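This is a predicted model, so every value here is computed, not measured. Side-chain atoms are counted along with the backbone in the values below, which use heavy atoms only and exclude waters and symmetry mates. Residue numbers begin at 1 in each chain, while the letters A, B, ... track the order of the sequences.
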Protein chains: 2
Amino acid sequence: MAKARDPAIRTLLIERAGRMLRTREPITLRSLVAGTGVSTMAVYTYFGGMDGVWKALRQEGFTRLAARLATVPETADPVRDLAALGAAYLRNALDNPDLYRAMFDAGFDLEDAGAADDTLHRLVRGVERAAEAGRFRRDVAPLDLAVQSWAAGHGLVSLVATGPLPREALAHGVPLLTALFVSAGDDPARCRRSVEAGWADLLPG
Amino acid sequence: MAKARDPAIRTLLIERAGRMLRTREPITLRSLVAGTGVSTMAVYTYFGGMDGVWKALRQEGFTRLAARLATVPETADPVRDLAALGAAYLRNALDNPDLYRAMFDAGFDLEDAGAADDTLHRLVRGVERAAEAGRFRRDVAPLDLAVQSWAAGHGLVSLVATGPLPREALAHGVPLLTALFVSAGDDPARCRRSVEAGWADLLPG
DNA sequence: GGCAAAGCATAGCAATGCTATGTATCGTGG
DNA sequence: CCACGATACATAGCATTGCTATGCTTTGCC
């Protein structure tokens with residue numbers, strides 16, 4: 001009953017936009033379609049305008065973040081894994097700084113909330129694992145501790161990636177997370193070792 | 001030897017830009033000077049372009065933040081004062097959300113670092129006061145704890161102001177700061193009371 | 001008092017996102 | 001099988017953006 005739209009065009013434009021974001025080329029309506037053979041109208045057909053492109057980029061960013069967090073293994077030390085989740089979060093933000101800015105700084109849409117929830121859920125699961133392993137007190141609400149860890153990590157990486165703090169300031173993440181996990185009941189010395197282990201591969205770079 | 005420029009025009013434009021930012025009107029070259037009688041060229045004479053206007057707005061934001069932090073009194077409970085500094089920081093960000101975004105999300109210039117340093121310095125002083133009062137261990141570096149508190153507060157208010165967290169999530173600031181200050185050596189129960197006292201007037205609103 | 005340097009006003013430029021209009025193309029109902 | 005209608009697509013154009021070029025005006029020093 002009508003001309004069908006080609007899904008390949010949509011993914012092509014999203015991937016191209018992601019590449020341009022990484023290359024720090026300005027993403028404009030015309031520069032996005034330049035050289036691809038598709039016309040400017042395709043952006044309106046498939047995304048409804050440039051806002052739709054940015055929204056798609058945000059979802060792409062959350063997908064990539066979720067994939068990154070999924071690579072964090074579950075070891076015998078759940079607090080270490082929790083710290084590793086935080087480290088993966090920071091590394092993802094530092095590897096895709098402009099995408100990270102697009103995700104949080106630009107207009108955060110309500111439709112993005114679902115994708116952000118996935119991120120949070122992984123943290124909640126990590127806290128629950130640590131609680132089940134007896135590392136945290138029984139009365140700590142996993143969601144609360146997860147939100148607090150998220151806020152701490154997000155603030156740190158924001159101040160480093162697009163703010164005034166130098167990259168070495170990332171090291172503050174260790175005492176930050178340690179303080180949080182200790183406040184949840186973990187043994188201070190043991191917690192410190194766990195967090196440092198989870199952050200081991202982030203700090204040198 | 002030349003026509004002198006009128007400083008009043010500069011402050012007029014800055015104040016007008018600040019008003020437009022609060023009113024959420026888009027700040028464009030032409031909308032900024034519309035109705036003021038000054039021509040578009042004045043923006044280039046006094047700011048060198050729109051980038052200069054945004055830079056001036058950032059400095060204005062830091063000035064306002066510093067003024068806000070200066071209103072926090074120094075009581076007999078330095079940990080309470082420290083928490084009150086954090087509360088004032090958050091309240092300032094929530095009262096001027098767009099200005100706050102302009103300060104951190106947009107291109108943070110190296111010239112803004114000085115203004116940001118002032119903010120940090122106030123935190124450092126607060127930590128030093130608490131340390132001198134014996135609330136913190138001797139071996140805590142005031143700068144480190146200040147940076148960590150800053151990151152936690154910044155992350156929390158960012159996720160609330162322009163992110164996915166609801167406003168009630170601000171309450172997480174209390175356990176966050178408490179965890180940090182306890183990790184610095186403060187007594188847990190006493191610290192909790194101090195932080196809650198410092199945040200008292202932030203949480204209801 | 002005249003001259004040079006700077007402020008200022010107007011007009012115009014390229015680039016932006018978006019829309020209007022016409023054409024091509026596909027899926028479906030008869 | 002084919003014609004119709006809906007939708008994708010292409011081109012051109014619009015208003016707006018930041019910025020610059022070009023004169024004109026004003027101001028202050030020799």
Side-chain angles (χ1 to χ4, degrees), chain A residues 1-21 23-60 98-99 101-102 105-109 111-112, chain B residues 1-21 23-60 98-99 101-102 105-109 111-112:
Chain A
M1 184 162 162
K3 192 172 176 179
R5 49 180 83 172
D6 182 5
I9 292 186
R10 188 171 211 276
T11 65
L12 167 78
L13 288 181
I14 291 184
E15 285 178 8
R16 179 171 164 82
R19 254 195 312 271
M20 295 174 73
L21 208 57
T23 330
R24 309 189 80 86
E25 300 169 73
I27 300 181
T28 72
L29 173 65
R30 288 168 177 80
S31 72
L32 178 59
V33 300
T36 64
V38 311
S39 84
T40 61
M41 279 304 297
V43 174
Y44 292 86
T45 300
Y46 291 92
F47 300 95
M50 287 306 288
D51 284 4
V53 173
W54 286 105
K55 187 178 299 189
L57 273 177
R58 282 197 295 273
Q59 294 194 353
E60 171 77 12
D98 301 272
L99 185 54
R101 277 215 343 219
D105 295 359
F108 189 88
D109 203 310
E111 304 179 29
D112 304 327
Chain B
M1 186 164 156
K3 190 173 177 179
R5 50 179 83 171
D6 182 5
I9 293 186
R10 187 171 210 275
T11 66
L12 167 78
L13 289 181
I14 290 184
E15 285 179 6
R16 180 171 163 81
R19 254 194 313 271
M20 295 174 74
L21 208 57
T23 330
R24 309 189 81 85
E25 300 169 74
I27 300 180
T28 72
L29 173 65
R30 287 168 178 80
S31 73
L32 178 60
V33 301
T36 64
V38 310
S39 84
T40 61
M41 279 305 297
V43 174
Y44 292 86
T45 300
Y46 290 92
F47 300 95
M50 286 307 288
D51 284 5
V53 173
W54 288 106
K55 188 179 298 189
L57 274 177
R58 282 197 295 272
Q59 296 194 351
E60 171 77 12
D98 301 271
L99 185 55
R101 279 217 339 223
D105 295 359
F108 189 88
D109 202 311
E111 303 179 32
D112 304 326

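Within the 4.5 Å cutoff, side-chain heavy atoms of Ile27(B) are placed close to those of Leu57(B). No side-chain heavy atom of Lys55(B) sits under 4.5 Å from any side-chain heavy atom of Phe47(B). Glu25(A) has its side chain out of reach of Ser31(A): every pair of non-hydrogen atoms, C-beta onward, lies at least 4.5 Å apart.
Atom-to-atom, CG of Leu29(B) to P of dA11(C) comes out at 16 Å; the value is rounded to the nearest Å. Rounded to whole Å, atom P of dA10(D) lies 12 Å from atom CG of Asp6(A). Distance CE (Met41(A)) to P (dG22(C)): 15 Å, rounded to an integer number of Å. Put simply, CG on Leu32(B) is 15 Å from C1' on dC19(D), counting in whole angstrom units.
Within the nucleic acid shown, Ile9(A) comes within 4.0 Å of sugar-phosphate atoms alone, with no base atom in reach, counting heavy atoms only. Contacts of Ile27(A) with the nucleic acid, taken as non-hydrogen atoms under 4.0 Å apart, involve only primed sugar atoms and P, OP1 or OP2.
To the nearest 0.5 Å, atom CD of residue Glu15(A) and atom CD of residue Glu60(A) are 7.5 Å apart.
When all heavy atoms of Thr45(B) and Arg5(B) are compared, the closest pair comes out as O-NH1, 3.0 Å. Annotation for Val33(A) and Thr36(A): closest pair O-OG1, 2.7 Å, computed over non-hydrogen atoms. Heavy-atom minimum distance, Thr28(B) versus Met50(B): C-CE, 3.9 Å. In plain terms, the two heavy atoms of Leu32(A) and Arg16(A) that are nearest each other are O-NE, 2.6 Å.
Within residues 12-20 of chain B, no residue places a heavy atom under 4.0 Å from DNA chain C. Near-neighbour residues of DNA chain C inside residues 45-58 of chain A, defined by a heavy atom below 4.0 Å, number-ordered: Gly49(A), Met50(A).
Between Ala42(B) and Arg30(A), the residue anchored closer to the 5' end of DNA chain C is Ala42(B), taking for each the nucleotide with the nearest heavy atom.
Here Tyr44(A) does not reach the OP1 or OP2 of dT19(C): none of its side-chain N or O atoms lies under 4.0 Å away.
Here Arg101(B) does not pair with Asp105(A) in a salt bridge; the nearest charged N to carboxylate O distance is not below 4.0 Å.
Comparing atom distances between the Thr28(B) side chain and each of dT10(C), dG18(D), dG7(C) picks out dG18(D) as nearest.
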